Amino acid sequence: MADTSRATGILVLADGTAIRGHGFGAQGVAAGEACFNTAMTGYQEVMTDPSYAAQIIAFTFPHIGNVGVNPEDIEAINPHAVGCIVREDVTAPSNWRSTGGFDAWMKLNGRIGLAGVDTRALTRRIRELGPPNAVIAHRSDGQFDVDELVALARDWTGLEGNDLAKQVTTLQTYQWDEGLWTLRHGYRDLAQRKSGPRVVAVDYGLKHNILRNLVDAGSQVTVVPATASFDDIVALEPDGLFLSNGPGDPAATGEYAVPVIRKWLGTGKPLFGICLGHQLLGLAVGARTAKMHQGHRGANHPVKRLSDGRVEITSMNHGFAVERDSLPANARETHVSLFDGSNCGFELTDTSAFSVQYHPEASPGPQDSHYLFERFVKEMGT
């Protein structure tokens, strides 16, 4: 339990529960949905994943911050999770790649941390009751108006019906030329390569490692904002369309994304979607999405590939899912979660389009599913 003599931080849930600990990182107050992530590595990647916008992450692995931070292990320029909760104090970094400490990085980026919390108990609560609206706060004097924080948590809008893609997307179109990271060499610079199929990636909150995998698989990548029109996309003369991951309710983002996706499907050219992109493709072909009881977040989620029964260990981060029973006749399910049986992928039988609910680019996580990028590039041809 938290040492109340150092209770400079607090997590307050909408039902009035107050969990005290010691704050780190930035001081302040932030509201969001409290969720948990089971990854044992990659906290910097998790905090910078745009799909975590408006969420407060409880890490189930107790030693968070022990390898510090560096400028390479980021999935977006700025963090998007509003805060995090950890069991043990953040220690001094111990890793040869570290260029700074996690505490200082959190402070620099205006993100609130709470340590000394029984994260196992909090995780069990979220598993049983679902992710609650919550407020995380940090003050050096430890003085909090709990009633006021409870009211803030109750008044927060929540994720359902909330389009967050517009808040995290790029504001301009740009090219991406960076490939995957290798030891001693860093990220591959492929700016001089002028061959390969052209991909337009729609940024609903995409991770950098997705772009690196697309480039490494042999494609030329142009990124466009979430609100790009069909004409904007076609003007770039792409061979394929990629739909990225992102935060928020897919039904809300789908109001402007689905018409564009439907027009693209009419071209017959390849399409590949990940996470939110998977959900948006589902909506575009007439399926439904729904908020999950607790969601899937971590780097150890087993997924069964139905074509051959092979199990992929995957990275996941989603609180909404495509409802299997709503998929149309031309959508063939390709992957299912071995945790709860939920849909994790489908492909269309009458055109070249497929998507997965998990993150094949990992970062953090295993690389069992990198083949999906190769499949997409192969379907586009050269």
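Numbering starts at 1 and runs along the sequence shown. The structure presented is a predicted model; accordingly, all values stated were derived computationally and were not measured. The figures that follow rest on heavy atoms only: side chains count, while hydrogens, waters and symmetry mates do not.
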* Is a side-chain N or O of T253 found less than 3.5 angstrom from the main chain of P250, in a donor-acceptor match? -> no
* **Distance-only donor-acceptor check, side chains Y358 and H318, under 3.5 Å** => no
* To do: Sorted by first residue and then second, give each salt bridge (charged side-chain N to carboxylate O under 4.0 Å, His left out) pair with at least one member in residues 152-162; sequence neighbours left out.
  => none
* Please check if atom NZ in K269 has more than 12 non-hydrogen atoms from other residues, nucleotides or ligands closer than 6.0 Å. => yes
* Ignoring hydrogens and geometry, is there a side-chain-to-backbone donor-acceptor pair from W264 to P270 under 3.5 Å? -> yes
* Hey, does the side chain of T169 reach the backbone of A165 with a donor-acceptor pair shorter than 3.5 angstrom? -> no
* Using the six-membered ring of Y371, assess whether NZ or CZ of R305 lies under 6.0 Å from its centre and within 45 degrees of the ring axis. => yes
* To do: Report yes if the distance between the aromatic ring centroids of H138 and F24 is under 6.0 Å, otherwise no.
  => no
* Would L276 end up clustered with I261 when hydrophobic side chains under 4.5 Å apart are linked, directly or stepwise? -> yes
* Do the side chain of S315 and the main chain of P364 share a donor and acceptor less than 3.5 angstrom apart? -> yes
* Charged N to carboxylate O below 4.0 Å: is that the case for D118 and R87? -> no
* Please report the C-alpha distance between T38 and N300 in whole Å, then the side-chain angles of each, then the deciding distance to 0.1 Å, and finally whether the side chain to side chain donor-acceptor pair (under 3.5 Å) criterion is met. => CA-CA 7 Å; T38 58; N300 53 357; 3.0 Å; yes
* Plane angle bin for F272 and F376 - parallel if under 30°, tilted between 30 and 60°, otherwise perpendicular -> tilted
* Do you see a donor-acceptor pair shorter than 3.5 Å between the side chains of D350 and N330? -> yes
Using atom types as modelled, flag every donor-acceptor pair under 3.5 Å from a side chain in residues 54-67 to any protein atom, sequence neighbours excluded.
unit_1: Q55; atom_1: NE2; unit_2: E33; atom_2: OE1; d: 3.2
unit_1: T60; atom_1: OG1; unit_2: N37; atom_2: O; d: 3.3

* Asked: What distance do E379 atom CD and D239 atom CG have between them, rounded to the nearest 0.5 Å?
  -> 13.0 Å
* Structure fact -> To the nearest 0.5 Å, atom OG of S342 lies from atom CE of M316 at 6.5 Å
* **Row check, F346 ring normal vs R332 NZ/CZ: under 6.0 Å, within 45°** => no
* Asked: Would you say the side-chain atoms of E333 and N343 include a donor-acceptor pair closer than 3.5 Å?
  -> yes
* **No-hydrogen, no-angle side-chain donor-acceptor test under 3.5 Å, E75 and S363** => yes
* Asked: Does any donor atom in the side chain of E347 or T334 lie under 3.5 Å from an acceptor atom in the other side chain?
  -> no
* Structure fact -> Separation between CG (L281) and OG (S355), nearest 0.5 Å, reads 4.5 Å
* **Residue pair N317 / N245, side-chain donor-acceptor N/O under 3.5 Å** => no
* To do: Can you establish whether the number of heavy atoms outside K263 located under 6.0 Å from its atom NZ is more than 12?
  => no
* For the residue pair H296 and H301, categorise the inter-ring angle as parallel (less than 30°), tilted (30 to 60°) or perpendicular (more than 60°). => tilted
* Asked: Looking at F36, is R127 sitting on its ring face, NZ or CZ under 6.0 Å from the six-membered ring centre and within 45 degrees of the normal?
  -> no
* **CA sep, side-chain torsions, deciding dist, call: D73, N70, side chain to side chain donor-acceptor pair (under 3.5 Å)** => CA-CA 6 Å; D73 293 346; N70 65 69; 3.0 Å; yes
* Is it true that E361 and K207 have a side-chain N and a carboxylate O under 4.0 angstrom from each other? -> yes
* Do other residues, nucleotides or ligands put more than 12 heavy atoms under 6.0 Å from M292 CE? -> yes
* State whether a side-chain donor-acceptor pair under 3.5 Å links Q279 with T289. => no
* Asked: With hydrophobic residues grouped by side-chain heavy-atom distances under 4.5 Å, do I233 and W176 end up in a single group?
  -> no
* Asked: When you measure from the centre of the six-membered ring of W181, is the NZ or CZ of R97 under 6.0 Å away and within 45° of the axis?
  -> yes
